[in-house]
Amino acid sequence: MTAKVESWGSRVGLILAMAGNAVGLGNFLRFPVQAVQNGGGAFIIPYLVCFLLMGIPLLLIEWSTGRFGGKFGNHSTPYILDTMAKGRIWKYIGVFGIFTNIAVAAYYCYIESWTMSYVYHSIAGTFNGMSQADVAGFFNSYVDVSHSTTGIPYEAVIFYIICLLLNTWILSKGLGGIEKVAKIGMPLLILFGVILAVRGITLGTSGASDIFPNANAWDGLNFLWTPQFDSLSNPKVWLAAAGQIFFTLSVGMGTIHCYAAYLKERDDVALNAVSAGFMNEFVEVVLGSLIVIPIAAGYLGLDWVIQNAGFGMAFQTMPYLFQQWGGVLAILAGVFWFGLLFFAGITSSLAMGTPWMGFMSDEFGWNKNKGAWSFGALALIMGLPTVIFYNQGVFDQYDYWAGTVSLVVFAFLETVLFSYIFGINRGWDEINKGADIKLPKFFKYVILIITPLLLGAVLISSIPDWVNQIKNNDTNNKEWFADNYFAENFEGSGKVSGKVIEVKSNVVKFEFENERKKFDKKSNQVLVEKFIDTKKYEFDSSLNQEVIVKVGDVVKPGDAIAKGNFTNNTLYKFIGRMLLLSLFVFISIIVFVAYKKRVKEGRATL
């Protein structure tokens with residue numbers, strides 16, 4: 001006996017909830033960084049092509065398969081896929097659609113909790129008078145749970161638990177609660193974004209200073225929007241663009257299937273899918289590109305942005321930039337920016353709870369409360385290691401395996417299922433059933449040929465990196481427990497040596513030759529220049545850790561630089577991977593139990 005099946009209250013609520021699912025932190029934190037790191041305008045063309053040839057087709061596939069499974073009473077991917085093909089394997093491939101959401105929500109809510117904390121600190125005036133280095137240091141202290149920036153012990157953990165509780169409480173209200181949040185959060189998100197974007201556009205050269213005399217917000221905009229057609233032949237840029245599509249549209253996760261499963265059989269999916277996709281693109285490409293990069297370039301210069309672009313800019317740089325606006329404007333800017341990120345985050349994290357809730361309702365008759373609070377408990381158990389061992393790399397392992405690899409694998413398999421097993425003709429008919437727009441038949445062949453090829457290329461090209469991750473090839477300190485600590489790579493190639501320039505009992509500092517990028521306005525190209533960089537290691541004397549090199553020594557990556565008792569990050573990374581594997585096995589067992597239950601009740605498909 002299943003619980004009463006819910007439905008969406010309105011089409012506007014559905015589209016806003018779907019758009020909210022897609023519009024997340026990546027629109028404002030990841031897209032600008034990816035664009036800068038991949039050549040600005042060089043990135044935009046491959047990105048838009050991938051949106052049309054991979055993003056829109058995947059949205060159509062997931063909306064239509066979700067609605068198809070929903071008419072059989074299935075509201076999560078294990079049995080949505082099971083209805084589409086014979087064979088027991090597909091329900092276990094559908095496990096990805098529950099696993100990914102719990103695993104991603106576990107660490108995603110941690111980032112979400114940062115935004116809540118930073119709204120508080122913006123109002124409290126914590127960042128007043130801080131330098132950019134001080135603001136960056138504040139973030140580093142915040143994610144170290146042994147520190148507190150408010151006087152509350154384990155502040156990061158407290159904010160994380162509050163964030164999870166809020167998500168769980170809203171989820172316990174069902175689709176109605178999600179719809180209400182989307183109707184409030186999405187308009188506020190866009191409003192806050194427009195206000196900050198207007199400031200980014202109008203900043204011009206007014207933020208230039210003696211330290212950054214060439215700072216100009218328009219340089220940031222020109223860099224992002226000046227096409228460089230040589231990017232079309234660069235595979236790296238294409239792979240980065242394809243990867244961003246996964247992050248921005250929330251495809252390959254199972255949330256879209258779940259939301260669409262609550263549609264009626266002849267409700268439109270074609271226009272809804274395209275509308276949600278283009279709303280996400282507006283927020284990402286228009287608003288996302290008009291805030292962080294131009295404001296940072298307006299105060300710190302384009303070269304600084306190119307050299308320092310990274311995920312942490314939102315938390316380690318933006319509060320400092322807002323302080324330049326002074327007084328009340330600085331507070332408002334902080335509230336708008338971190339409030340925007342909060343609404344972007346929560347509309348996505350709420351979607352992540354629905355596949356688990358839908359599955360447990362369908363298969364075991366769980367009500368909304370039981371489904372929501374069990375999801376919250378699972379997310380908390382999985383998430384606390386990412387909070388407590390953030391600096392040890394557990395967070396990054398979750399993000400890589402659950403937030404990247406899992407998406408690509410599942411998207412590729414569901415595309416093969418839709419096009420070649422369910423059948424492209426049946427699939428195309430399903431997409432167009434009840435459609436409010438007539439889709440060009442061109443997309444039928446894109447779904448059949450181009451989308452699987454693109455996904456296959458992304459998948460195959462990623463395999464060497466999977467191997468490197470498992471082998472811990474990103475570090476020279478591979479042993480879990482060691483008596484010596486070895487120098488890591490000084491720069492990207494791992495071929496450059498460093499010279500010791502400072503030594504204390506538990507501190508050693510190196511200088512080495514590195515490369516950095518600079519933008520040349522005359523040639524409109526990003527150039528590379530060499531410079532002398534530094535790197536510092538700090539060790540813990542309470543663990544008998546002691547530097548064993550001296551000033552003037554030339555050290556290669558992999559050379560021993562300290563002795564003592566070391567517990568390396570590879571241990572925590574392994575624990576992170578085992579936690580993820582355990583979660584996948586746990587959900588697979590539950591799917592198997594549900595299958596046996598269906599067999600007993602005569603509801604199983606063969």
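For reference, positions follow the sequence shown, starting with 1. Only this structure's heavy atoms are used, side chains among them; waters, hydrogens and symmetry mates stay out.
- At least one cation-pi condition fails for Lys499 and Phe512: the charged atom is not both under 6.0 angstrom from the six-membered ring centre and inside a 45 degree cone around its axis.
- Partner Leu58 forms a side-chain contact (heavy atoms from CB on, under 4.5 Å) with one of Val251, Ile245, Leu249, Ile447 and no other, that one being Val251.
- Here the side chain of Thr451 pairs a donor or acceptor atom with the backbone of Leu53 at under 3.5 angstrom.
- Between Pro355 and Asn101, the shortest heavy-atom distance links the atoms CG-ND2, 3.6 Å.
- For Asp396, there are no side chain to side chain donor-acceptor pair (under 3.5 Å) partners at least two apart in sequence or on another chain.
- Applying the salt bridge (Lys or Arg N to Asp or Glu O under 4.0 Å) test to every pair with at least one member in residues 475-487, sequence neighbours left out, gives no pairs at all.
- In summary, the side chains of Tyr47 and Glu284 do present a donor paired with an acceptor at a separation below 3.5 Å, with no hydrogens or angles considered.
- Residue Phe566 is tested with Tyr485, Tyr537, Phe486 for a ring pair (Phe, Tyr, Trp, His ring centres under 6.0 Å); the sole match is Tyr485.
- With no hydrogens or angles considered, no side-chain donor-acceptor pair links Ser541 and Glu546 at under 3.5 Å.
- Residues passing the salt bridge (charged side-chain N to carboxylate O under 4.0 Å, His left out) test with Asp540, sequence neighbours excluded: none.
- Of the possible donor and acceptor atoms, none in the side chain of Thr248 sits under 3.5 Å from a partner among the backbone N and O of Gln244.
- Checking side-chain atoms of Ser117 against main-chain N and O of Ser113 turns up no donor-acceptor pair under 3.5 Å.
- Residue Lys535 qualifies as enclosed at atom NZ: its count of foreign heavy atoms under 6.0 Å is above 12.
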